[in-house]
Amino acid sequence: MLSPTIMTFLEHLAQLRKQIIAIAIVFVLCTVAGLVVAPYIFDAIKNAPPASSMDWNTFSPFDGVRIYMVIAMSVALVLTLPVALLLIWNFVKKGMYPHERSAALRYIPYSVFCLLVGLAFGYFVVLPMSFSFVTGISEKLQLTETYGVAQYFGFMMNIVLPVGAAFELPIVVMFLTRIGLLSPDRLRRSRRYAYLVLVVVSNLMTPPDIVSDFLLLIPLILLFEISVWLSKSVYRKRVAATEAMAS
């Protein structure tokens, strides 16, 4: 006969399995929706700068299918994110304190909003600047620019997605401060190490050119400083709430 501890562990595994299956089902349904809107998104990207200034070519019979699926799955990821976060919160909330539950639930919509802002910033600001830089080098070297659709989308995704993920930093810092794992003083003391980590992250998350690294590093540093400022506000509120409960 299994011990109560093993039974509890198996029950948690069963619940986790249900949540993963639910997330997978939502992702599949959102992928279907993404397949429907993919042609419209493709046309919007193709007709907007910097893509509108060049001819697109395919160097493989599978390029069209690959891009179609990339767009559909990107849409599915964005649509699935809030549902996935809610289901994960529902799974872990039993092991969290009440203030941790409310903090996690409250930050879910903010995390989605920050992701969308980050994706927009990456697409409308960082991508055109990076593309202008690399095409400028090609012109100086007198190279004939012949772009493949797969190569352009790879370049775009390597910039837009990391920037979108980077915009989640303030939400993560605020949540960790809210549950007591971070504090403004700890963030300030670790600033020099944080900057070093951000330099490494910007190099890993962007194409191998210094301009793209620099264009991502600047928003990362600004986001870190914003996170420190937001951490102060959250920390003060947490201290005030603790003192109110103690009095």
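What you see is a predicted model, and the numbers here were worked out from it, not measured in a lab.
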(request) Identify whether Val199 and Leu169 are in the same connected component of the hydrophobic contact network (ILVMFWY, side-chain heavy atoms under 4.5 Å). (result) yes
(message) Is any side-chain heavy atom of Phe224 closer than 4.5 Å to one of Arg191?
(response) yes
(message) If you compare all heavy atoms of Leu119 against all heavy atoms of Val78, which two are closest, and at what distance to 0.1 Å?
(response) CD1-CG2, 4.1 Å
(request) Can you measure from CG (Leu77) to OG1 (Thr31) and round to the nearest 0.5 angstrom? (result) 7.5 Å
(message) Less than 4.0 angstrom from a charged side-chain N to a carboxylate O is my criterion; do Asp43 and Lys46 meet it?
(response) no
(request) Would you mind reporting whether Phe175 and Tyr110 have side-chain heavy atoms less than 4.5 Å apart? (result) no
(message) Are Val234 and Ile108 connected into the same hydrophobic cluster when the rule is that any two of I, L, V, M, F, W, Y join if their side-chain heavy atoms are below 4.5 Å apart?
(response) yes
(request) Considering non-hydrogen atoms only, spot the tightest contact between Ala72 and Ala38 and give its length. (result) N-CB, 4.5 Å
(request) Kindly compute the distance separating CG (Leu196) from CZ (Arg192), expressed to the nearest 0.5 Å. (result) 11.5 Å
(message) Please give me the minimum heavy-atom distance between Ala150 and Asp63, naming the atom from each residue.
(response) CB-OD1, 3.7 Å
(request) Side-chain contact test, heavy atoms from C-beta onward, threshold under 4.5 Å: evaluate it for Pro39 versus Tyr68 and give yes or no. (result) yes
(message) Contact between Phe153 and Ile45 at the side-chain level, heavy atoms closer than 4.5 Å - yes or no?
(response) yes
(request) Could you label the plane-to-plane angle of the Phe121 and Phe167 rings as parallel, tilted or perpendicular, counting under 30° as parallel and over 60° as perpendicular? (result) tilted
(request) Evaluate the side-chain proximity of Cys30 to Val75: yes if any heavy-atom separation is below 4.5 Å, no if none is. (result) no
(message) So Leu127 and Val163, do their side chains get closer than 4.5 Å, heavy atoms only?
(response) no
(message) Quick check: is Leu29 connected to Ile41 through a chain of hydrophobic side chains (ILVMFWY, heavy atoms under 4.5 Å apart)?
(response) no
(request) Output yes when a side-chain donor or acceptor of Ser227 lies under 3.5 Å from a complementary backbone atom of Leu223, and no otherwise. (result) yes
(request) To the nearest 0.5 Å, tell me how far Leu161 CG sits from Met156 CE. (result) 8.0 Å
(message) Take a 6.0 Å sphere around OH of Tyr195 and say whether it holds more than 12 heavy atoms from other residues, nucleotides or ligands.
(response) yes
(message) As an exercise, state the distance from CG of Asn47 to CZ of Phe42, rounded to the nearest 0.5 Å.
(response) 9.0 Å
(message) Ignoring hydrogens, what is the shortest heavy-atom contact between Leu85 and Ser111? Give both atom names and the distance.
(response) CD1-OG, 3.2 Å
(message) Closer than 3.5 angstrom, by distance alone: can the side chain of Ser190 be matched with the main-chain N or O of Tyr193 as a donor-acceptor pair?
(response) no
(message) So, taking the atom named CD1 in Ile67 and the one named CE in Met157, what distance separates them when rounded to the nearest 0.5 Å?
(response) 7.5 Å
(request) List the atom of Thr135, the atom of Ser132, and the distance in Å for their closest heavy-atom pair. (result) OG1-O, 3.1 Å
(request) Kindly indicate whether the side chain of Val173, heavy atoms from C-beta on, has any atom under 4.5 Å from the side chain of Leu230. (result) no
(message) To the closest 0.5 Å, what do you measure between OG (Ser60) and CZ (Arg66)?
(response) 5.5 Å
(message) Do Leu35 and Met69 make a side-chain contact, defined as non-hydrogen atoms from C-beta onward lying under 4.5 Å apart?
(response) yes
(message) I need the single residue from Leu87, Ile25, Val28, Ile23 that forms a side chain to side chain contact (heavy atoms under 4.5 Å, CB included) with Thr80. Which is it?
(response) Ile23
(request) Heavy atoms only: give me the nearest Gln151-Phe59 pair and the separation to one decimal. (result) OE1-CD1, 3.7 Å
(message) In this structure, would Met73 and Val36 fall into the same cluster of hydrophobic residues linked by side-chain contacts under 4.5 Å?
(response) no
(message) Tell me whether Glu168 contacts the main-chain N or O of Leu115 through its side chain, where contact means a donor paired with an acceptor under 3.5 Å.
(response) yes
(message) Assess the residue pair Arg188 and Val228 against the criterion (side-chain contact (heavy atoms from CB on, under 4.5 Å)); give the C-alpha distance rounded to whole Å, side-chain angles, the decisive distance to 0.1 Å, and a yes or no.
(response) CA-CA 7 Å; Arg188 283 194 295 268; Val228 174; 4.2 Å; yes
(request) Check the hydrophobic clustering (I, L, V, M, F, W, Y; side-chain heavy atoms under 4.5 Å; chains of links allowed) and say if Leu116 and Ile159 are grouped together. (result) yes
